[in-house]
Amino acid sequence: MIEGGELAERKQFRAIKGTRDIVPPNSALWNRFEEAAREVFESYNFREIRLPIFEPTELFARAVGTDTDMVSKEMYTFLDPPPLDLLQGSPEQTSAAFLSQGTDPVRREAISLRPEGTASVVRAYIEHGMQTKPGDVKWYYVGPMFRRERPQKGRYRQFYQIGAEVLGQSDAPAIDAELIEMLLAFFRRVGLNRTTLYINSIGDRICRPKYVELLRQELRKARDQFGEDSQRRIETNPLRVFDSKLPAEQPAIEKLPHIADHLCAECREQFSKLKGELGLRGIEYEENWRLVRGLDYYTRTTFEVTAAGLGSQNAVCGGGRYDGLVELLGGPPTKGIGFAIGSDRAILSIEESGSLPRLPGLAVFIAWMGEKAYPFAVQIARKLRATGVSVELPAEEMKFKKALGLADKLGARYALILGGDEVASETYTLKRLSDAEQRKLGETDLLEYLESERRS
Ligand code: AMP
């Protein structure tokens, strides 16, 4: 009979809904993807900033806006210090303790897992006094973000972004264009080819509020053609009505005024210069008047890149200008623009297109036989690994046939055979597993041969 305690111990844990493991060999593809981003971004003189995973909830509330889904519904928020040790006591005791919290004298701060990276970048820019440094600050970040969304293909609760931001005194359209050029150079580098770039301008502090008011008036007139969500947004954030994918709402949305017809002279000029700058770089784009971004801090340029093979969640990157954000967070007047790539989706699209990079994997399986061979096996494994060759050294002796069988199953390209003969003659037998070609090599030749194979 199984006791209750034993049963409890046998509970199978699973990754929390909306989170997942990135398991080898897939993780190698992820590393490649992130390395490529680092290489391309560094070549544009961007440098990496490593940011905290959690920040004060208020930072996101201010930067992103409290009437966005991201802040109002999707953040993972905690009290710090926690009101009680959640791991102590039964669930009943825990909820009882929560309920009696009213008398708790400790001052607690609400902190949230970051749902996006820009707010932290701007906080760091201000905190480190970056405005006093020469030139524009060009930073990128790589890492997980957390949003409590409804999970589906390409949409997770823990997902990964690679973002880049330019902060400084200039809002020259050449900055926007170069940032977009860098993004597309990265996508080309990783084989994400079937993409479309959409651009738009959403005006500035002068023309945007007037347009938003006009939009609100038009939306109020057509109110009965919209569902509950959109009706609420008419009052809270009318631009977000454009995000609606509900088929029933589309005819009414199509009739709404376009921001392009309501930009002030400066914003119009900026937008047309941006298109010129993109043309100069041979970058193709489509204008999309519905591209407004749900976040409050964007001004002027907005852009999005979609990729093939992803179904409804096909946006792989979103970005735009946010000239008021640094000031909003208590810093000096500063211009800013940035983007965030959704790595999960970008990698899914690369996988679906079949244009996967060749990953090196395991090069050498050492088939050692006999106690005398073992110390030589340990030595040669160490030397090969020092030159960057991937080596599997079995911890226990195996029969020859079994060793070669395992080498094959592990996908090794070579078996390095080390038995009594090899020890006696101070050579190694290297067997290529794809065609069983065998060669006998001394140590120096072996190291040279495998190192050059690795580089090719
Ligand atoms: P945003 O910060 O909302 O502009 O998102 C930028 C990019 O991050 C999007 O274009 C997506 O590729 C990706 N992204 C956003 N939310 C999720 C999510 N829940 N799961 C996976 N990727 C996401």
On a heavy-atom basis, which atom in Thr195 and which in Ala307 lie closest, and how many Å separate them? CG2-CB, 4.2 Å
So, Lys273 and Glu269, do they make that salt bridge, N to O below 4.0 Å? yes
For residues Tyr125 and Gln131, is any side-chain donor paired with an opposing acceptor at under 3.5 Å? no
Quick one, Lys431 and Leu404 - any side-chain contact, counting heavy atoms below 4.5 Å? yes
Run the numbers on Arg268 and Asp261 for salt bridge (Lys or Arg N to Asp or Glu O under 4.0 Å), then give the verdict. CA-CA 9 Å; Arg268 252 200 324 271; Asp261 302 326; over 6 Å; no
Is it true that Phe186 and Phe41 have ring centroids separated by less than 6.0 Å? yes
Are the side chains of Val142 and Arg38 in touch, meaning some heavy atoms are under 4.5 Å apart? yes
Sub-4.5 Å side-chain heavy-atom contact between Phe339 and Ile180: no
Check the pair Glu254, Arg290 against salt bridge (Lys or Arg N to Asp or Glu O under 4.0 Å), reporting the backbone distance first and the verdict last. CA-CA 9 Å; Glu254 287 300 319; Arg290 286 179 63 163; 3.8 Å; yes
Heavy-atom distance under 4.5 Å between the side chains of Glu286 and Leu197, does that happen here? no
Determine, for Glu218 against Lys255, whether the closest basic-nitrogen to carboxylate-oxygen distance falls under 4.0 angstrom. no
Within-4.5 Å side-chain heavy-atom neighbours: Tyr198 and Val305: no
For Asp323 and Thr299 the tightest heavy-atom approach is N-OG1, 3.2 Å
Quick one: are Arg220 and Ile234 in side-chain contact, heavy atoms under 4.5 Å? yes
Lys138 NZ/CZ over Tyr140 ring centroid, <6.0 Å and within 45° of normal: no
In Å and rounded to the nearest 0.5 Å, what is the OH to CZ distance from Tyr141 to Arg114? 8.0 Å
Is Arg148 salt-bridged to Glu74, going by a charged N under 4.0 Å from an acidic O? no
Less than 4.0 angstrom from a charged side-chain N to a carboxylate O is my criterion; do Asp171 and Arg300 meet it? yes
Over 12 foreign heavy atoms within 6.0 Å of CD, Glu58: no
Tell me, yes or no, whether the heavy-atom count around Lys17 atom NZ, taken from other residues, nucleotides or ligands under 6.0 Å, exceeds 12. no
Taking atom CZ of Phe54 as the centre, does the number of heavy atoms from other residues, nucleotides or ligands within less than 6.0 Å exceed 12? no
Against Ile111, only a single residue in Thr77, Asp80, Leu79 fulfils side chain to side chain contact (heavy atoms under 4.5 Å, CB included); can you say which? Asp80
Would you say that Gln438 contacts Arg432 through its side chain, given a criterion of any heavy-atom pair below 4.5 Å between the two side chains? no
May I ask you to check whether Glu304 and Asn200 show a side-chain donor-acceptor distance below 3.5 Å? no
Using modelled atom types only, decide if a donor and an acceptor are shared between the side chain of Glu448 and the backbone of Glu451 within a distance under 3.5 Å. no
Which heavy atom of Val64 sits nearest a heavy atom of Thr68, and at what distance? O-CG2, 3.5 Å
Hey, are Glu55 and Arg123 close enough for a salt bridge, meaning a charged N less than 4.0 Å from a carboxylate O? yes
Looking at Arg62, I want to see if its CZ is surrounded by more than 12 non-hydrogen atoms of other residues, nucleotides or ligands under 6.0 Å. no
Tell me, do Pro394 and Phe365 make a side-chain contact under 4.5 Å, heavy atoms counted? yes
Heavy-atom closest pair, residues Gly191 and Ser353: O-OG, 4.4 Å
Side-chain donor-acceptor contact under 3.5 Å, Glu165 with Thr118: yes
Carboxylate-amine/guanidinium contact Glu284 Lys275, below 4.0 Å: no
Measure across Ala37 and Ile162 and return the closest heavy-atom pair with its distance rounded to 0.1 Å. CB-CD1, 3.8 Å
State plainly whether the residues Arg189 and Glu39 are in salt-bridge range, i.e. N to O under 4.0 Å. yes
Show the numbers, then the answer: is there a side chain to side chain contact (heavy atoms under 4.5 Å, CB included) between Ser312 and Gln152? CA-CA 10 Å; Ser312 66; Gln152 63 184 91; 3.5 Å; yes
Heavy atoms of Glu277 and Ala177 approach each other most closely as CB-CB, 3.5 Å
Answer yes or no: does atom NZ of Lys133 have more than 12 heavy-atom neighbours from other residues, nucleotides or ligands under 6.0 Å? yes
Run the salt bridge (Lys or Arg N to Asp or Glu O under 4.0 Å) test on Arg47 and Glu42 for me, step by step, so that the C-alpha distance in whole Å, both residues' side-chain angles and the decisive distance to 0.1 Å come before the verdict. CA-CA 6 Å; Arg47 303 288 171 244; Glu42 299 273 340; 2.5 Å; yes
Under a 4.0 Å N-O cut-off, is there an ion pair linking Glu213 with Arg216? yes
Can you tell which of Ile202, Thr302, Ile175, Val166 makes a side chain to side chain contact (heavy atoms under 4.5 Å, CB included) with Arg321? Ile175
